Number of protein chains: 2
Amino acid sequence: MGLTKSEIFTDQQNEISNIAKVFGHPARVAILQHIFKSNTCICGDLVEEIGLAQPTISQHLKELKKVGLIKGNIEGTSVCYCIDEENWSNMKTIISDFINQDINEQNNCC
Amino acid sequence: MGLTKSEIFTDQQNEISNIAKVFGHPARVAILQHIFKSNTCICGDLVEEIGLAQPTISQHLKELKKVGLIKGNIEGTSVCYCIDEENWSNMKTIISDFINQDINEQNNCC
DNA sequence: TATATTAATCGTAATATTGCAATATAATAA
DNA sequence: TTATTATATTGCAATATTACGATTAATATA
């Protein structure tokens, strides 16, 4: 096995987990934080900033792009990445709705 | 390889990714949603509710327990799980802070 | 005590992820 | 055109994750 049975879950559940999976690696968290913090929009600085090999960073960027949280812009020989604001905003709604569910105090069994 | 280099990241980055990793599987999202929704606190209902084998559900519950988001209470032969409110609340702060970072509009290169 | 009932653990197969060296590709500069 | 620079892709080894059958452990009930 090793294969997640996505079919048995709702679209919403798969959507939440797909986003969360991308946040589930510290390198991708670090990349996003760097994009947020940095005034210049970045590209290959991430390699020396984070300390992983260039192909590894490239791979993480690819996954961030795949879920749409970032987008890249070619500038000469380098590529500048930034947050995809609309998709980031949508993500915020999806994740917030999930983590802000109200706990039913009447039925606490612990 | 296949081994995440946690040492090169901050505690905060590792903390965020560790929480997110747990949300990164639809079964665990479904389990949490079921605990939130259900009036009775649950246990083995999850198996038939979700449609994965009992050992698989048990394994997912274990990971949710490991990060502290749920706790279990033995009731006879069954175990009743519920949200660990304090840890859930802490998680909310950590994740909210991360996803609610302000986008620096002046430096959008895309 | 014997027998259900329920959940956890063990063992294992299949697949996914991480990380990097080597290489390829793309764009500019000389 | 030929370097140079920056990023992406490929291929692969090491490790992690997912899923489940079989088994075990713990409690309840006959």
Side-chain angles (χ1 to χ4, degrees), chain A residues 1-9 13-14 17-18 20-31 34-35 40-67 70-82 109-110, chain B residues 1-9 13-14 17-18 20-31 34-35 40-67 70-82 109-110:
Chain A
M1 283 101 203
L3 196 153
T4 298
K5 289 186 163 181
S6 309
E7 334 83 56
I8 67 172
F9 301 103
Q13 288 161 346
N14 284 310
S17 62
N18 282 334
K21 198 178 284 180
V22 172
F23 291 149
H25 193 288
R28 293 190 288 263
V29 170
I31 289 171
H34 186 84
I35 296 181
T40 63
C41 202
I42 1 94
C43 37
D45 324 299
L46 289 166
V47 174
E48 56 175 308
E49 178 76 17
I50 293 177
L52 288 172
Q54 180 268 320
T56 308
I57 296 291
S58 193
Q59 198 173 301
H60 285 304
L61 285 167
K62 194 178 181 181
E63 288 178 67
L64 287 165
K65 259 189 294 182
K66 204 174 67 186
V67 287
I70 64 170
K71 49 186 177 179
N73 191 41
I74 298 172
E75 288 187 354
T77 57
S78 61
V79 177
C80 180
Y81 285 99
C82 62
C109 60
C110 298
Chain B
M1 283 97 205
L3 196 155
T4 298
K5 289 187 161 181
S6 309
E7 334 83 55
I8 68 173
F9 301 102
Q13 287 161 347
N14 284 310
S17 62
N18 282 333
K21 196 179 285 181
V22 172
F23 291 150
H25 194 288
R28 293 190 288 263
V29 171
I31 288 172
H34 187 84
I35 295 181
T40 63
C41 202
I42 2 93
C43 38
D45 323 300
L46 289 165
V47 174
E48 56 174 308
E49 178 76 17
I50 293 178
L52 289 171
Q54 180 268 319
T56 307
I57 296 291
S58 194
Q59 199 173 299
H60 285 304
L61 286 168
K62 193 179 181 179
E63 289 178 65
L64 287 166
K65 259 190 295 182
K66 204 174 65 186
V67 288
I70 63 170
K71 50 187 176 178
N73 191 40
I74 298 172
E75 290 187 352
T77 57
S78 62
V79 177
C80 180
Y81 286 99
C82 62
C109 60
C110 298

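Only heavy atoms go into these numbers, but all of them, side chains included; no hydrogens, no water, no symmetry mates. A, B, ... follow the sequence lines: proteins, then strands. Residue 1 opens every chain. Because the structure is predicted, anything quoted here is derived from the model rather than measured.
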Carefully, step by step, assess B:T56 and B:I50 under the rule side chain to side chain contact (heavy atoms under 4.5 Å, CB included).
-> CA-CA 11 Å; B:T56 307; B:I50 293 178; over 6 Å; no

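- Here the P atom of nucleotide D:dA8 and the CG atom of A:N73 are 12 Å apart, to the nearest Å.
- The nearest heavy atom of DNA chain D to A:V79 and to A:F9 marks one nucleotide each, and the one closer to the 5' end goes with A:V79.
- Crowding of B:I8 atom CD1: a count of heavy atoms from other residues, nucleotides or ligands under 6.0 Å exceeding 12.
- What separates NZ of A:K21 from C1' of C:dT15 is a distance of 11 Å, to the nearest Å.
- Of the candidate nucleotides D:dA19, C:dA7, D:dT15, C:dA7 has the atom nearest to the side chain of B:Y81.
- Separating the CD1 atom of B:I42 from the P atom of C:dT6 is a distance of 15 Å, rounded to the nearest angstrom.
- Side-chain atoms of A:C82 and A:N73, non-hydrogen and from C-beta on, never get closer than 4.5 Å to each other.
- Taking the six-membered ring for Trp and thresholds of 30 and 60 degrees, A:H25 and B:F9 have ring planes more than 60 degrees apart, a perpendicular arrangement.
- Side-chain proximity of B:H60 to C:dA8, D:dA8, D:dA19: nearest is D:dA19.
- Atom P of nucleotide D:dT7 and atom CD1 of A:I31 are separated by 12 Å, given to the nearest angstrom.
- To the nearest 0.5 angstrom, A:I35 atom CD1 is 4.0 Å from A:I42 atom CD1.
- The CG atom of A:N14 lies 8.5 Å from the CD atom of A:E7; values are rounded to the nearest 0.5 Å.
- Both A:L3 and A:G24 sit near DNA chain C, but only A:L3 has its closest nucleotide nearer the 5' end.
- The CG atom of A:L61 sits 14 Å away from the C1' atom of C:dG19 (whole-angstrom rounding).
- The CD atom of A:E48 sits 11 Å away from the P atom of D:dT7 (whole-angstrom rounding).
- Each of A:T4 and A:G44 was assigned the nucleotide of DNA chain D with the nearest heavy atom; the assignment lying further toward the 5' end belongs to A:G44.
- One finds the CD atom of A:Q59 at 9.0 Å from the CZ atom of A:R28 (value rounded to the nearest 0.5 Å).
- The residue among B:C80 and A:H25 whose nearest nucleotide of DNA chain C lies closer to the 5′ end is B:C80.
- Counting all heavy atoms, side chain and backbone alike, B:A27 lies closest to B:L52 at CB-CD1, 3.8 Å.
- One atom, CG of B:L64, and another, P of C:dA7, lie 16 Å apart when rounded to the nearest Å.
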For nucleotides 27-30 of chain C, print each protein N/O atom paired with a nucleotide N/O atom at under 3.5 Å, atom names and distance only.
none

Nucleotide N/O to protein N/O under 3.5 Å, stretch nucleotides 20-24 of chain D:
residue, atom, partner, partner atom, Å
D:dC20, OP1, A:K5, NZ, 2.5
D:dC20, OP2, B:A53, N, 3.0
D:dC20, OP2, B:T56, OG1, 3.2
D:dC20, N4, B:Q59, OE1, 3.2

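- Look at A:S78 and you won't find any side-chain N or O under 4.0 angstrom from OP1 or OP2 of D:dA6.
- Applying the side chain to side chain contact (heavy atoms under 4.5 Å, CB included) criterion to A:Q54, with sequence neighbours excluded, gives A:V47, A:S58.
- Here the side chain of A:E63 is nearest to one of C:dA16, C:dT18, D:dT18, namely C:dT18.
- The distance between atom NZ of B:K62 and atom P of D:dA19, rounded to the nearest whole Å, is 16 Å.
- At least one side-chain heavy atom of B:L61 sits under 4.5 Å from a side-chain heavy atom of B:L46.
- Side-chain proximity of B:R28 to D:dT18, C:dT18, C:dT6: nearest is D:dT18.
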